J.: 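Structure incoming, see below.
If you're wondering where the values come from, they're calculated on a predicted model, not measured in any experiment. Atom set for the values below is all heavy atoms of this structure, side chains included, hydrogens, waters and symmetry mates excluded. In the text below, chain A, chain B and the rest are named by the order of the sequence lines, each starting its count at 1.
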Protein chains: 2
Amino acid sequence: MRGVIHGLLRGRWRGGDRLTEVDAADLFKVSRTPVREALLELASMGIVELRRNCGAILLPFGEKELRNLYAVRTLLETEAARLAATRMDDTAIDQLKSSFTALRREQRPDADWKLDRELHAAIAQAADNPRLAGEIARYSDLVQTMREAVGTVLADIHSASLAEHLRILRCLKQRDTNAAAEAMRQHLAQAASSAVAAVKQVGKAQKH
Amino acid sequence: MRGVIHGLLRGRWRGGDRLTEVDAADLFKVSRTPVREALLELASMGIVELRRNCGAILLPFGEKELRNLYAVRTLLETEAARLAATRMDDTAIDQLKSSFTALRREQRPDADWKLDRELHAAIAQAADNPRLAGEIARYSDLVQTMREAVGTVLADIHSASLAEHLRILRCLKQRDTNAAAEAMRQHLAQAASSAVAAVKQVGKAQKH
DNA sequence: GAAAGATAGATTGCATACAATCCATCAGTT
DNA sequence: AACTGATGGATTGTATGCAATCTATCTTTC
């Protein structure tokens, strides 16, 4: 039950909090079985640590952890961008480019994330390495999960992202591998900074 | 039940084979519950694909998939080596070096893999990014699982690995980030070639 | 003959009960 | 007073039954 996963985090569990299977089951009005599977998935995503007969403890998630996460994500996605620069076909690039320019006209903030995810997925796909694409998708899901867990503060994509996206697409179109990788790196650095800022804001809010 | 995971593969399931939960449960004389969790873990490792009401299908695993896997692994581990070159402390490096030279004298082939895993784990640890270390451990486990699944053919570590290990340690000691990353890359390239050769051998053997 | 619908079988998703394991506390002994 | 062993509570690991869902085949209708 995927809802359980998000639910587990939407509440404000602080890092180090301990949650047993029965507690979680009671909390979400389901049996232990789906909770158990949800916890296993959360553990595989590195969000909780499962300790035998001790319950699941929610790992701390602050600036340091966020930067570590984005470090790995950057590693994966810059490589994908590098590979995509030689392998992605022009029609896919043009299609995405027009999607982004269309988005700019419409000004729909909620569609930003969707298109962002589409771009990253398309690049991962073009890298022609399903395993790499799978890892990228995993991290995309992870970020999405954390975003929902932290709340709406992270909902706004940073304003410069559109320009960054277009720059990535331009590099891909020009078949410039190094430039594409660098553009992706900078895009993710911006995203990381934005996420860190949001987490800090939430941290402050929780103290009040 | 981790035994189930290995057992699922130790048999010769060819890529595309379909296995339902009840079949697996009967096969290993356990109930569906642990089988289910094992399949979920296998799916998270990208070894099987879970299709609703269709059973788990074992993904094909040939040369292409192996090279894709090692491409991701190389990405993770070269970065770890790069980071470790500046952060790993001398005592840890020296300790590993002496372990390897001691191993050379003893000539115990079964201890090779263990020490190899220790080296990679130590470097991952030294990178000071628990998430990166976690991913590296995940891939180490994955390779180990595949190794056991394919059989004893992959059991022999390639002969040049000792020299490669020592070279990595030398680069780390010299705090040469680029050299350490390059040494790790070459080491993994060798390992990949060795694994590919073994898989091909098994493929031939299965045809007879 | 082809397509749409129904029906039966198969398969997974969830709930509950039970067994095994672990941890902490407390009593007893030196 | 410190250490060892036992005991009870808590927590996870596993088994089993039932409900929901999907797939494939067969039937019916046009």
J.: In whole angstrom, give the distance that lies between atom CZ of A:Arg36 and atom C1' of C:dA17.
T.: 15 Å

J.: Sequence neighbours left out, what passes salt bridge (charged side-chain N to carboxylate O under 4.0 Å, His left out) with B:Lys64? Give chain and number order.
T.: none

J.: What residues form a salt bridge (charged side-chain N to carboxylate O under 4.0 Å, His left out) with A:Glu77, not counting sequence neighbours?
T.: A:Arg73

J.: Distance check needed: C:dT12 P versus B:Leu40 CG, whole Å only.
T.: 11 Å

J.: Return the set of residues passing salt bridge (charged side-chain N to carboxylate O under 4.0 Å, His left out) with B:Asp26 (not counting sequence neighbours), or none when no residue passes.
T.: none

J.: Indicate, with a heavy-atom threshold strictly under 4.0 Å, whether B:Thr20 touches base, sugar-phosphate, or nothing.
T.: sugar-phosphate

J.: So, OP1 or OP2 of C:dA15: does either fall under 4.0 Å of a side-chain N or O from A:Ser31?
T.: yes

J.: Walk along nucleotides 19-24 of chain C from 5' to 3' and tag each nucleotide B, S or - by protein heavy-atom contact under 4.0 Å, base first, then sugar-phosphate.
T.: --BS--

J.: May I have the distance from B:Phe28 (atom CZ) to D:dA15 (atom C1'), rounded to whole angstrom?
T.: 18 Å

J.: In whole angstrom, give the distance that lies between atom CG of B:Asp26 and atom P of C:dT11.
T.: 11 Å

J.: Can you see if the side chain of B:Arg32 gets near the phosphate of D:dA15 - specifically, an N or O under 4.0 Å from OP1 or OP2?
T.: no

J.: Taking the minimum atom-to-atom distance to the side chain of A:Arg18, which one of D:dT14, D:dT11, C:dA15 wins?
T.: D:dT11

J.: Please tabulate, one pair per line, all N/O donor-acceptor pairs under 3.5 Å involving side-chain atoms of residues 80-89 of chain A, not counting sequence neighbours.
T.:
unit_1	atom_1	unit_2	atom_2	d
A:Arg82	NH1	A:Asn178	OD1	2.9
A:Thr86	OG1	A:Leu83	O	3.0
A:Arg87	NH1	A:Ala127	O	2.6
A:Asp89	OD2	A:Thr91	OG1	2.9

J.: Where is the tightest heavy-atom contact between B:Arg138 and B:Met45, given as atom of each residue plus distance?
T.: NH2-CA, 4.5 Å

J.: Nearest-Å distance, CD (A:Glu21) to C1' (D:dT14)?
T.: 12 Å

J.: Grab the CG-P distance between A:Leu39 and D:dT11 for me, whole Å please.
T.: 14 Å

J.: Under 6.0 Å from the CZ atom of A:Arg185, do we count more than 12 heavy atoms belonging to anything else shown?
T.: no

J.: Expressed in angstrom and rounded to an integer, what is the separation of A:Leu50 atom CG from D:dG13 atom P?
T.: 7 Å

J.: Whole-Å distance between D:dG13 P and B:Glu37 CD?
T.: 7 Å

J.: A:Glu118: which residues meet the salt bridge (charged side-chain N to carboxylate O under 4.0 Å, His left out) condition with it, sequence neighbours left out?
T.: A:Lys114

